Amino acid sequence: MIIGFGNYLKDYLELYNISQKEFALRLGITPKHLNEIINKNIDMSDELIYAISSLTDISADFIFKIEQQKKNKRYFLEKFRTEDNLKKYINNYEYKEAEKLNWIHFKNKSDTYQMANDILNFIKFRNFDCLDGFKKHVLFKKKDTKDYYKLILWLARCDELSKNQKVKEYDNNSLYKMIAFLEKERMKPLNIEKLKQILNNYGIYLVIEEALKGSKIRGSFKVKGKNPAIYLTKLYKDKASFYYALYHELGHLKTDFNQGKNKVIIEGDSKQENRADEFAQNQMIPDSIWKNIKSNIDEKELLKISKKNNIPMCFITTRLAYFKIIEYNHPLYTKYKEAI
């Protein structure tokens, strides 16, 4: 049964002993029209909703809310046919973990339709058809349906967190100024909150949030309004890998800003990803300096290079281990690794 505001209005009129005929006259509609609202739950115009609110002590916001829930339930039944089908669909979101992380709150977990509404409210989509249409705006190589729904939940969470950040105006020089500033900042112990402030001051959103279990998402880039937005997960265990992820997304900012205005870049094509990787590697350790590093891995020489060029030792030793010049259990790697 689809319940709209008509049910509430019927109770209201009975409570205050107001006849439907009289109320229809006060509204300026026919008794037949009012009867259809009450008994058939037909849709009401905005004008009529405001009129009913003005004649009762019921807020227009409440009426709109009940009417939207009615329309959503009608949509759910038309799209999924049965409540069981709807339940199977929303289970794709693996919402229990999002609920544990305190991302999403359900008003009534015994009501499948209400839960579907709560999910839509959280991910900020009018309906699930709009969400399906959004897929073409997400550059993401994963084919598994659940990966996509985990991604949508994570993006929604990051969008919500970004609302708390005050970013300054972004211009074409902001990226290069910010990168120059980072060259000194990265020599200090990693301070996530300070990094957010730095990027915000240069007009860039930076959100770092948990990834849902089983998700391979490491980061994303898009443009919010006129400002670039970088979202990173917390899958990184050390300072070097964190900065690599940050520089990778900054690489997308450098070359894919225009595309980011109507796309969410999780994984671009191979050319885009290789370009972002090269940017990250070169920002952490320029190619010309890397040649000197790998030719002489004496600790004293590496420390001189680190200090002279503002390259953290963990960047150097991690790169050496990645390219198997040293092992991950090498004393240099374990000594300079900066765990998060």
Side-chain angles (χ1 to χ4, degrees), residues 172-202 204 206 208 211 216 218-219 221 228 230-256 267-268 270-340:
N172 293 333
N173 295 316
S174 297
L175 174 62
Y176 302 101
K177 291 178 182 177
M178 187 273 298
I179 286 176
F181 190 92
L182 277 186
E183 284 188 7
K184 293 184 178 180
E185 183 62 31
R186 67 191 190 179
M187 296 296 289
K188 303 173 185 177
L190 182 62
N191 185 325
I192 298 295
E193 291 306 313
K194 188 172 182 181
L195 271 179
K196 289 179 185 177
Q197 293 175 7
I198 291 170
L199 267 69
N200 290 172
N201 286 336
Y202 287 99
I204 305 169
L206 176 62
I208 301 162
K216 302 301 182 184
R218 292 189 172 274
F221 170 74
I230 292 173
Y231 298 161
L232 299 177
T233 64
K234 295 182 179 180
L235 294 176
Y236 311 101
K237 304 302 181 184
D238 61 88
K239 176 177 169 179
S241 59
F242 173 84
Y243 265 98
Y244 186 88
L246 176 60
Y247 280 124
H248 178 94
E249 300 306 330
L250 290 172
H252 283 305
L253 166 55
K254 180 178 182 291
T255 57
D256 304 315
E267 293 175 283
S270 57
K271 182 178 180 180
Q272 286 176 305
E273 292 305 304
N274 289 337
R275 194 166 54 201
D277 283 340
E278 289 173 4
F279 180 84
Q281 290 174 6
N282 199 51
Q283 290 303 318
M284 292 179 75
I285 305 176
D287 290 341
S288 57
I289 298 174
W290 172 240
K291 291 177 182 178
N292 293 331
I293 290 172
K294 65 182 181 179
S295 64
N296 184 358
I297 59 171
D298 176 74
E299 183 175 6
K300 290 183 179 179
E301 290 301 317
L302 294 180
L303 284 168
K304 289 179 183 178
I305 292 173
S306 170
K307 185 176 181 180
K308 179 181 178 181
N309 299 284
N310 288 320
I311 301 173
M313 279 294 287
C314 63
F315 287 14
I316 295 172
T317 56
T318 297
R319 179 83 67 88
L320 288 169
Y322 179 80
F323 284 104
K324 299 181 179 180
I325 298 172
I326 63 174
E327 298 294 330
Y328 280 103
N329 61 359
H330 190 283
L332 277 176
Y333 179 80
T334 56
K335 181 177 180 178
Y336 292 105
K337 178 180 178 181
E338 294 187 44
I340 297 177

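FYI, the numbering just counts along the sequence from 1. Side-chain atoms are counted along with the backbone in the values below, which use heavy atoms only and exclude waters and symmetry mates. None of the values given here were measured: they were computed from a predicted structure.
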Out of curiosity, [X] [atom1] to [Y] [atom2], how far, rounded to the nearest 0.5 Å?
X: Glu327; Y: Leu332; atom1: CD; atom2: CG; answer: 12.5 Å
X: Ile326; Y: Lys294; atom1: CD1; atom2: NZ; answer: 14.5 Å
X: Glu299; Y: Lys304; atom1: CD; atom2: NZ; answer: 12.5 Å
X: Leu320; Y: Met313; atom1: CG; atom2: CE; answer: 8.5 Å
X: Phe221; Y: Leu250; atom1: CZ; atom2: CG; answer: 9.0 Å
X: Ser174; Y: Leu253; atom1: OG; atom2: CG; answer: 9.0 Å

Taking all atoms of both residues into account, what is the closest heavy-atom pair of [X] and [Y], and its distance?
X: Leu199; Y: Leu246; answer: CD2-CD1, 4.1 Å
X: Arg186; Y: Pro312; answer: O-CG, 3.3 Å
X: Ala280; Y: His248; answer: CB-N, 3.7 Å
X: Lys194; Y: Lys188; answer: NZ-NZ, 3.6 Å

May I ask you to test the [X]-[Y] pair for a side-chain heavy-atom distance under 4.5 Å?
X: Arg319; Y: Gln281; result: yes
X: Trp290; Y: Phe323; result: yes
X: Tyr176; Y: Lys254; result: yes
X: Phe315; Y: Ile293; result: no
X: Tyr247; Y: Leu182; result: yes
X: Tyr202; Y: Ile179; result: no
X: Thr255; Y: Gln272; result: no
X: Ile208; Y: Leu195; result: no

Show, in sequence, the C-alpha distance, side-chain angles and deciding distance for Leu190 and Glu338, and conclude whether the side chain to side chain contact (heavy atoms under 4.5 Å, CB included) test is met.
CA-CA 9 Å; Leu190 182 62; Glu338 294 187 44; 5.8 Å; no
Check whether [X] reaches the backbone of [Y] with its side chain - one donor and one acceptor, N or O, closer than 3.5 Å.
X: Asp287; Y: Asn282; result: no
X: Thr334; Y: Pro331; result: yes
X: Asp238; Y: Phe242; result: no
X: Lys337; Y: Thr317; result: no
X: Ser306; Y: Ile311; result: yes

Evaluate the side chain to side chain contact (heavy atoms under 4.5 Å, CB included) criterion for residues Ile285 and Asn309: first the C-alpha distance (whole Å), next the side-chain angles of each, then the deciding distance (0.1 Å), finally the verdict.
CA-CA 9 Å; Ile285 305 176; Asn309 299 284; over 6 Å; no
request  = Could you give me the CA-CA distance, side-chain angles and deciding distance for Arg218 and Tyr236, then say whether side chain to side chain contact (heavy atoms under 4.5 Å, CB included) is met?
outcome  = CA-CA 8 Å; Arg218 292 189 172 274; Tyr236 311 101; 2.9 Å; yes
[atom1]/[X]: more than 12 non-hydrogen atoms of other groups inside 6.0 Å:
X: Tyr322; atom1: OH; answer: no
X: Asn329; atom1: CG; answer: yes
X: Lys234; atom1: NZ; answer: yes

- Which is it for Leu206 and Ile198 under the side chain to side chain contact (heavy atoms under 4.5 Å, CB included) test, yes or no, and what are the steps along the way? CA-CA 9 Å; Leu206 176 62; Ile198 291 170; over 6 Å; no
(Q) Looking at Glu278 and Arg275, is there a salt bridge between them, counting it only when a charged N and a carboxylate O are closer than 4.0 Å? (A)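 No, no charged N to carboxylate O under 4.0 Å.
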